[in-house]
2 protein chains.
Amino acid sequence: MRKRVSLKDIAHELGVSTAVVSYVLNDKYEGRVSEAKAQQIRETAKELNYTPNQIAKSLKKDKTFTIGLIIADISNLFYSNIARYIEDESKKHQYNMIFGSADENAEKFNELVQVMLSRQVDGIILAAPKGTESTLEYLKDQYIPFVLIDRHFPSIPDINTIGINNFQASYRVVEHIAKNGFRKPAMVTLSVDLFHMRERTAGFKNASKELLNILKPEVVEIDEEVLSGEIEDRMLKLIKDGVDLVYFSTNKIAMEGLAVLVKHNISVPREIGIICFDEADAYKIFHTSITFVKQPLQQIGQESVELLISLINGNQSAKSIVLGTQIIAGNSSAPH
Amino acid sequence: MRKRVSLKDIAHELGVSTAVVSYVLNDKYEGRVSEAKAQQIRETAKELNYTPNQIAKSLKKDKTFTIGLIIADISNLFYSNIARYIEDESKKHQYNMIFGSADENAEKFNELVQVMLSRQVDGIILAAPKGTESTLEYLKDQYIPFVLIDRHFPSIPDINTIGINNFQASYRVVEHIAKNGFRKPAMVTLSVDLFHMRERTAGFKNASKELLNILKPEVVEIDEEVLSGEIEDRMLKLIKDGVDLVYFSTNKIAMEGLAVLVKHNISVPREIGIICFDEADAYKIFHTSITFVKQPLQQIGQESVELLISLINGNQSAKSIVLGTQIIAGNSSAPH
DNA sequence: TTGAAAGCGCTAACAC
DNA sequence: GTGTTAGCGCTTTCAA
């Protein structure tokens, strides 16, 4: 069977101590080991196909060079994209990443946190689902370095957060809508009680009132579980009611909503205008180029890793980083 | 600062030995520890918020309950979907998964293998890029349990493989094409020297000759690096040449190809028929439902994990599992 | 029923 | 320059 080669094997082979081998293989032998012996050790290591055992190293140093990432929902493109950036950035800093999706489920989230902790991750980046405040408090109490992305829990003070201004992003969407001559927009969103989603809705409502003089802005909330079943009727109703543009609050809703339009042969922007939150590669096979709110995914990934690592290295400050968004204008919301 | 709670802390708190605590917390104390003491220990563990240190456990037991997954290209939906299934299945078997993408780069692949080995994964599932035969040989020589998915290297005998019959899948696509009255199909694929892709092409060519009496089947090969730049001209040329259906050999090519059709307002299947290899959620926002070859992703994920775990547990047999594919007929290749 | 102790592979403080 | 050794947190054998 398989027998992994250890420091001891190399030491034994050469009749030296494991310490010497460790020094050489970690390039810490300046003034300790003769160059000749060092060379020998390196050669033997190569010959024997030595691979250092990180598990042992981690145990000894109480540091795994691993960060945990827990996202809320892997089936959302936004998160899978961000996961990529976080992985890339981690690698740049010589960290590994281990990863899990909580599927918007608080219990699953808590389990994942436990798994990550027992695997001794040095820190965690997380997009927490609803109802996980106590776990966040726990992490904070335990001084476990963590950074919250995308989501924000105003009830917990002094935690490290990185995200966008969702209210403002939505507000600007309505500015764009108004500028391009739409007068009766509706927002289609999920009925979920998360701060960042409420902010998106609030931005839309406020701006609709202020910029379009709409007394009761139209917001359709759909339960995530029944999304693909319900959205068809809801969309058709909006159109029948004379809504002239639909603003989808996430990627996932957008895909479902656009599918309805395709199915019913509804032309964009002629019959209805469209704006989506978040981008998707798939938009390019829709019959019209899509206007969308672009979040700085790469920057979120990058900064969250950097912030986390600085926390791991003992930096104490609680930071809330708010990044900017852009509206990428396509033909789907062209002047009306 | 943070101080993690260890077995020793619990033992100390109660004035017992760490052994007893270990027994109790692992439910292995039958006939060894009194129920009263066991209860006490469990309570203290809970009070102190004890989390077992998996790193130490792994070191001791020489087993990490972690499997590595290396995929060829994360930006390919096929792989990201399969990664999900593999993660789910691993979790079911109480394994964690660590993950990396080689981006079709042999060197990156080799590095990833090293990372996984040094983190002492119990086994690896991999979709290997071109030019990695020697690494596979190495893994084999070292008796490191691994399972190859999607890809196949005929030059290496007796390794565990899970995939589909690509030749047959393409052959059946042409059967479908012929049955539906198309007479001049073209295949658009990547110019990459991988066995499974060559098989897809060969199946198309053979069937075109045998079923459609085409002497020189039309196969357009595009270099992956220039895909989105080149595909537009190549597609337009095909259409000008009177090709009546295009068969895209992967997900990624399909998305780029469909985008060209959208851009030029080319109607499917009226002006050109379409069949794609692999499914994509995004197809639903294309103006016509898409015919595609469906691989059994979940089954691939599930069986690869099961096979790997059986290898980890000492099973020696070299298996090659070939799973079936389906053609899901949409309107994009409707009778002509 | 209980506890002491060895040892997994590695690092680093400490002799020599 | 070189080697010895303790110990990271845990499991498990062995002795009491």
Side-chain angles (χ1 to χ4, degrees), chain A residues 1-42 44-45 48-66 114 117-122, chain B residues 1-42 44-45 48-66 114 117-122:
Chain A
M1 258 316 283
R2 167 167 57 130
K3 167 74 186 89
R4 277 172 167 144
V5 180
S6 75
L7 272 193
K8 211 196 271 177
D9 297 319
I10 301 178
H12 198 255
E13 182 88 12
L14 263 54
V16 298
S17 79
T18 61
V20 180
V21 180
S22 169
Y23 286 131
V24 171
L25 264 24
N26 288 295
D27 271 337
K28 287 187 185 163
Y29 65 100
E30 11 87 47
R32 301 189 114 274
V33 185
S34 67
E35 193 52 52
K37 188 159 272 179
Q39 194 53 36
Q40 258 188 14
I41 288 171
R42 278 191 288 256
T44 322
L48 297 182
N49 251 318
Y50 171 71
T51 325
N53 184 332
Q54 293 298 340
I55 297 287
K57 226 177 216 176
S58 298
L59 178 61
K60 178 69 187 175
K61 311 242 274 189
D62 196 22
K63 165 132 194 172
T64 56
F65 280 99
T66 303
Q114 279 312 313
L117 290 182
S118 62
R119 305 201 84 220
Q120 315 296 114
V121 295
D122 296 332
Chain B
M1 257 315 283
R2 167 167 56 130
K3 167 72 187 90
R4 278 173 166 142
V5 180
S6 75
L7 273 192
K8 212 197 270 178
D9 296 321
I10 301 178
H12 198 256
E13 182 87 11
L14 263 54
V16 298
S17 78
T18 60
V20 180
V21 180
S22 169
Y23 286 133
V24 171
L25 263 26
N26 289 295
D27 271 337
K28 288 186 186 163
Y29 64 99
E30 10 88 47
R32 300 189 113 276
V33 184
S34 66
E35 193 52 53
K37 189 159 272 181
Q39 194 52 36
Q40 257 187 16
I41 288 172
R42 278 191 288 255
T44 321
L48 297 182
N49 250 316
Y50 171 70
T51 326
N53 183 332
Q54 292 299 339
I55 298 287
K57 225 176 215 175
S58 298
L59 178 61
K60 179 69 188 175
K61 311 242 273 188
D62 196 22
K63 166 132 194 173
T64 56
F65 279 100
T66 302
Q114 281 310 314
L117 290 182
S118 60
R119 305 203 83 218
Q120 313 298 111
V121 294
D122 296 333

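Numbers restart at 1 for each chain; the letters A, B, ... are given by sequence-line order, proteins then strands.
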State whether [X] places a side-chain N or O below 4.0 Å from either non-bridging phosphate oxygen (OP1 or OP2) of [N].
X        : N       : result
Lys63(A) : dC8(D)  : no
Lys28(A) : dA12(C) : yes
Tyr50(B) : dC10(D) : yes
Ser22(B) : dT11(D) : yes
Thr18(A) : dT11(C) : no
Asn26(A) : dT11(C) : yes
Ser6(B)  : dC8(D)  : no

In whole Å, what is the span from the CG atom of Asp62(A) to the P atom of dG7(D)? 16 Å
So, for Glu35(B) and Arg42(B), which heavy atoms are closest and what is the spacing to 0.1 Å? OE2-NH2, 2.9 Å
Between the protein and nucleotides 14-16 of chain D, which nitrogen or oxygen pairs are less than 3.5 angstrom apart?
residue : atom : partner  : partner atom : Å
dC14(D) : N4   : Arg32(B) : NH2          : 3.2

Spell out yes or no: do the side chain of Lys60(B) and the base of dG7(C) have one donor N/O and one acceptor N/O closer than 3.5 Å? yes
Under 4.5 Å between any side-chain heavy atoms of Val21(A) and Tyr50(A), yes or no? no
